[in-house]
Each structure stands twice: as structure tokens, then as C-alpha cells.
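This report refers to the structure that appears directly beneath it.
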Amino acid sequence: MTLTIATWNINSVRSRIKLVEQFESDRAPDILCLQETKCMNDQFPSAALKKLGYEHLAINGQKSYHGVATLSRVPFTDVEIREFCNKGDARHIAVTVDTDKGPIKIHNFYVPAGGDVPDPEVNDKFRHKLDFLNEMTEWLQGEETNCNAILVGDLNIAPHENDVWSHKQLLKVVSHTPIEVEQLAKVQNAGNWVDSVRNHIPTSERVYSWWSYRSPNWAKSDKGRRLDHIWATPHIADQVSAIEVYKTARAWEKPSDHAPIIAKLDVEWRNL
DNA sequence: ATGACTGTCGTAGACAGA
């Protein structure tokens with residue numbers, strides 16, 4: 001038995017509940033981490049998701065914006081929510097599940113997008129993004145270093161040259177600027193995280209998880225970015241046997257602008 | 001041509017996404 005974990009920026013869970021159902025039917029991940037749910041907890045379509053087999057729901061929503069949720073067939077032994085930058089934003093939730101390799105903590109993050117201008121002096125949203133990453137770094141290098149963990153989500157940064165359609169043209173575009181890439185590396189180092197997607201797909205190959213709505217020929221022009229990530233602590237990273245970017249979902253009717261990413265782990269969770 | 005868009009709230013158009 002394996003454990004499959006998916007991350008997907010759904011861009012409104014209420015508008016795209018049918019797409020979540022389609023994804024469950026196609027790939028049936030055991031744990032599905034959603035970002036940009038865009039609704040308060042009492043508006044969350046819990047009943048429809050429980051029908052899909054996701055009996056265990058960890059939800060951190062807010063009105064209109066942001067919001068994360070972790071849906072699971074596996075029971076949680078713990079749920080934790082952390083607020084960043086004292087803004088009251090719903091951008092993180094962590095669950096813990098029991099496996100034959102011991103407990104695994106699964107962080108689900110939605111990092112701020114950062115607005116248009118990549119200068120913290122003139123753009124408060126960019127400053128917020130950098131502050132958020134700093135807080136992540138400080139927290140992760142604290143008490144979070146010694147347990148088995150996975151960190152997924154829309155981190156809104158494409159770190160490598162082949163994580164964007166044009167490294168040169170995006171160097172000054174928020175999501176691929178050197179300062180962001182550097183800050184993301186600090187977060188990664190702080191938790192000793194392995195980039196599981198790049199561990200399975202070499203950096204010489206292009207990988208994207210997001211394509212703008214503004215391009216009607218998004219598939220043909222393929223001007224994407226890898227904004228969504230699956231990281232794991234070293235021992236768990238060794239158990240990741242497959243990675244898939246489910247690009248099919250980006251071509252569905254009324255899609256999210258992000259595609260799901262799936263990791264398959266050789267980890268036992270049933271009948272422990 | 002990095003835009004030719006999209007969701008929420010609320011009922012027009014601002015705001016956010018990235």
C-alpha cells in the first residue's frame with residue numbers, strides 16, 4: 001500500500017467542486033491539499049468531499065480570499081494552524097498522519113503572490129511576501145527540524161531557470177526574481193527540505209504547474225511557471241517513488257489556472 | 001504581446017491573482 005499526496009491551487013473550491021470530483025475519479029489521491037479555497041469554513045463544501053471518501057477535513061478559510069484545506073482518507077492525529085505576518089490571513093494548515101515510518105506532518109501553504117513591482121520599498125504586497133518567507137524560515141529552523149514532514153502548496157516562486165518559460169524575460173517579474181529565489185532557498189535549507197519534484201525531474205527539463213488565464217493558447221504557447229511545490233524531509237523524500245504534474249486538469253472546462261501535482265510515497269498507512 | 005482572464009462580493013466595478 002502506498003500513500004499519495006496531491007497539492008492543487010483550486011481557485012475557489014465552491015466554483016470547482018466538480019473538478020475536484022473529476023480529479024478524485026482520475027487519480028484518487030489519499031490526501032489532497034487545496035489552496036485558494038476562497039470561502040469561510042461554514043461555506044466549505046464538506047458534504048460533497050466526504051462523499052468522495054475524504055472523511056477527514058482540515059480547513060482554514062476566510063472570506064473571499066486565500067484559504068487552505070487538507071482533505072484526507074487517512075485520519076489525522078493532529079491539526080495545527082499558524083498565522084503569518086499578523087494579518088489574519090488563512091495561508092497555512094498542517095495535519096499529522098500515522099504511518100509505518102512513524103508520524104508524518106504535512107504542511108499546506110499558500111504564500112502571498114507579491115503584487116506587480118518586485119521592490120519591498122514601494123510595494124507592500126512584495127514586502128509581505130518576503131516577510132512571510134522570513135517567518136517561514138525562522139519557524140522551520142526552530143522546533144520543526146526533527147520530525148518527518150512534507151511541505152506542499154502554492155509557494156508562488158519558480159526557483160530554477162527551467163521552472164519558467166523564459167528565465168531571462170522573467171528575472172524582473174515577481175515569482176522569479178533573484179531575491180525571491182534566494183529567500184525560498186533559505187526556507188528550504190531551514191527545514192532541510194528536499195525538492196521532491198526536482199528530485200524526480202532533472203533541472204534540465206522544463207516543469208510548470210501554472211499557466212495564465214490570459215493566454216487563450218496556453219497549451220500551445222506554454223508560457224508556464226512552476227509555482228507549486230512538494231518538499232519532503234530527507235527520510236521521507238527517499239520514499240517518494242513517483243511525481244506527476246496532472247496537466248490534464250488545466251485543460252478542463254472552467255479550469256483552475258494551476259495544475260495539481262501528485263507524489264506517491266512508499267509508506268503504509270492502512271491497518272497499522 | 002506578460003496578455004486577449006477569472007472569482008468574490010454584490011449587483012458595478014474594485015480588488016486580487018502572478
Side-chain angles (χ1 to χ4, degrees), chain A residues 7-20 34-45 59-69 84-85 87-92 108-120 122-133 153-181 183-184 206-229 245 247 249-261:
Chain A
T7 180
W8 193 10
N9 179 320
I10 193 66
N11 187 17
S12 173
V13 69
R14 288 178 296 173
S15 290
R16 286 183 234 288
I17 187 69
K18 295 289 177 199
L19 273 56
V20 177
L34 299 176
Q35 302 88 35
E36 281 206 87
T37 50
K38 291 189 175 178
C39 64
M40 294 186 288
N41 292 351
D42 61 2
Q43 302 173 307
F44 197 84
I59 308 165
N60 181 20
Q62 68 181 81
K63 192 178 179 182
S64 300
Y65 300 114
H66 323 313
V68 292
F84 289 80
C85 302
K87 286 179 77 84
D89 281 356
R91 294 180 178 274
H92 169 264
N108 177 359
F109 271 100
Y110 177 51
V111 172
D116 289 323
V117 183
D119 180 351
V122 299
N123 177 5
D124 289 341
K125 291 179 189 171
F126 194 71
R127 182 192 294 273
H128 177 213
K129 186 177 196 175
L130 299 182
D131 288 347
F132 193 100
L133 293 164
D154 179 359
L155 305 185
N156 266 317
I157 297 170
H160 299 297
E161 293 196 11
N162 279 335
D163 292 341
V164 294
W165 64 277
S166 169
H167 169 62
K168 208 177 161 185
Q169 289 181 74
L170 287 168
L171 271 170
K172 289 180 178 174
V173 174
V174 172
S175 73
H176 192 62
T177 64
I179 177 85
E180 291 169 88
V181 172
Q183 293 263 43
L184 189 68
R206 292 180 181 274
V207 185
Y208 312 140
S209 64
W210 173 88
W211 294 262
S212 171
Y213 282 128
R214 298 202 188 191
S215 180
N217 299 318
W218 68 273
K220 197 181 173 204
S221 57
D222 200 25
K223 291 180 174 175
R225 306 177 200 171
R226 186 173 71 105
L227 303 178
D228 304 277
H229 296 266
V245 179
K247 195 173 167 183
R250 182 61 179 82
W252 287 337
E253 201 169 329
K254 288 258 175 193
S256 167
D257 43 358
H258 295 252
I261 305 178

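From a predicted model like this one, the values you see are computed outputs, not experimental measurements. Throughout, protein chains are lettered first and strands after them, A, B, ... in sequence-line order, and every chain is numbered starting at 1.
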When you match A:S12 and A:G114 each to their closest nucleotide on DNA chain B, which lands nearer the 5' end?
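Taking each residue's closest nucleotide, the earlier one in sequence belongs to A:S12.
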
Toward the 5' end of DNA chain B, which comes first, A:R16 or A:D154, by nearest nucleotide?
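Whichever sits nearer the 5' end wins; that is A:R16.
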
Look at the side chain of A:Y65 and decide which nucleotide, out of B:dG17, B:dC15, B:dA18, has an atom nearest to it.
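Closest nucleotide to the A:Y65 side chain: B:dC15.
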
Rounded interatomic separation in angstrom, taking [atom1] from [X] and [atom2] from [N]:
X: A:D124; N: B:dC15; atom1: CG; atom2: P; result: 14 Å
X: A:K129; N: B:dG17; atom1: NZ; atom2: C1'; result: 11 Å
X: A:D116; N: B:dC15; atom1: CG; atom2: C1'; result: 12 Å
X: A:Q62; N: B:dA16; atom1: CD; atom2: P; result: 12 Å
X: A:L184; N: B:dA18; atom1: CG; atom2: C1'; result: 15 Å
X: A:E253; N: B:dT6; atom1: CD; atom2: P; result: 12 Å
X: A:K63; N: B:dG10; atom1: NZ; atom2: P; result: 5 Å
X: A:D222; N: B:dG3; atom1: CG; atom2: P; result: 18 Å

Sugar-phosphate, base or nothing in reach of [X], heavy atoms under 4.0 Å:
X: A:D257; result: nothing
X: A:L170; result: base
X: A:H176; result: nothing
X: A:Y110; result: sugar-phosphate

Provide the distance between the two [atom1] atoms, one in [N] and one in [M], to the nearest whole Å.
N: B:dA18; M: B:dG3; atom1: C1'; answer: 12 Å
N: B:dG10; M: B:dT6; atom1: P; answer: 22 Å
N: B:dG17; M: B:dT2; atom1: C1'; answer: 14 Å
N: B:dA1; M: B:dC5; atom1: C1'; answer: 15 Å
N: B:dT11; M: B:dC15; atom1: C1'; answer: 16 Å

Is any side-chain N or O of [X] closer than 4.0 Å to OP1 or OP2 of [N]?
X: A:K125; N: B:dA16; value: yes
X: A:K38; N: B:dG17; value: no
X: A:S15; N: B:dT8; value: yes
X: A:R226; N: B:dA18; value: no
X: A:N11; N: B:dA16; value: no

Side chains of A:N9 and A:E36 only: does a donor on one sit below 3.5 Å from an acceptor on the other?
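Per modelled atom types, A:N9 and A:E36 side chains form a pair under 3.5 Å.
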
Would you check if there is a donor-acceptor pair between the side chains of A:S175 and A:E180 at a distance under 3.5 Å?
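No, A:S175 and A:E180 have no side-chain donor paired with an acceptor closer than 3.5 Å.
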
Quick one: sort the A:H92 and A:F84 rings into parallel, tilted or perpendicular, breaks at 30° and 60°.
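Perpendicular, since the angle between the ring planes exceeds 60°.
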
Tell me whether the rings of A:W252 and A:W8 are parallel (<30°), tilted (30 to 60°) or perpendicular (>60°).
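Taking A:W8 first and then A:W252, their aromatic rings stand perpendicular (interplane angle over 60°).
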
Start with the C-alpha gap between A:D89 and A:K87, add the side-chain angles, then the distance that decides, and say whether salt bridge (charged side-chain N to carboxylate O under 4.0 Å, His left out) holds.
CA-CA 5 Å; A:D89 281 356; A:K87 286 179 77 84; 5.6 Å; no

Below 4.5 Å, heavy atoms only, C-beta onward: do A:Y213 and A:N11 meet side chain to side chain?
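Answer yes - side chains close enough.
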
Going by ring-ring contact (aromatic ring centres under 6.0 Å, His included), A:W218 matches just one of A:W211, A:W210, A:Y208. Which one?
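Single pass found, and it is A:W211.
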
Please test A:R206 against A:D222 for side-chain contact (heavy atoms from CB on, under 4.5 Å), starting from the C-alpha separation and ending with a verdict.
CA-CA 10 Å; A:R206 292 180 181 274; A:D222 200 25; 5.8 Å; no

Tell me whether the side-chain N or O atoms of A:R14 pair up with the base of B:dT8 as donor and acceptor below 3.5 Å, since no angle test is needed here.
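It does not, because no donor-acceptor pair links the side chain of A:R14 to the base of B:dT8 below 3.5 Å.
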
Side-chain (A:Q62) to main-chain (A:A90) donor-acceptor, under 3.5 angstrom:
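Checked: pair present.
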
Residue-level proximity of residues 211-219 of chain A to DNA chain B when a heavy atom falls under 4.0 Å
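The stretch gives A:S212, A:Y213, A:R214, A:P216 as the residues lying under 4.0 Å from the strand, ordered by number.
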
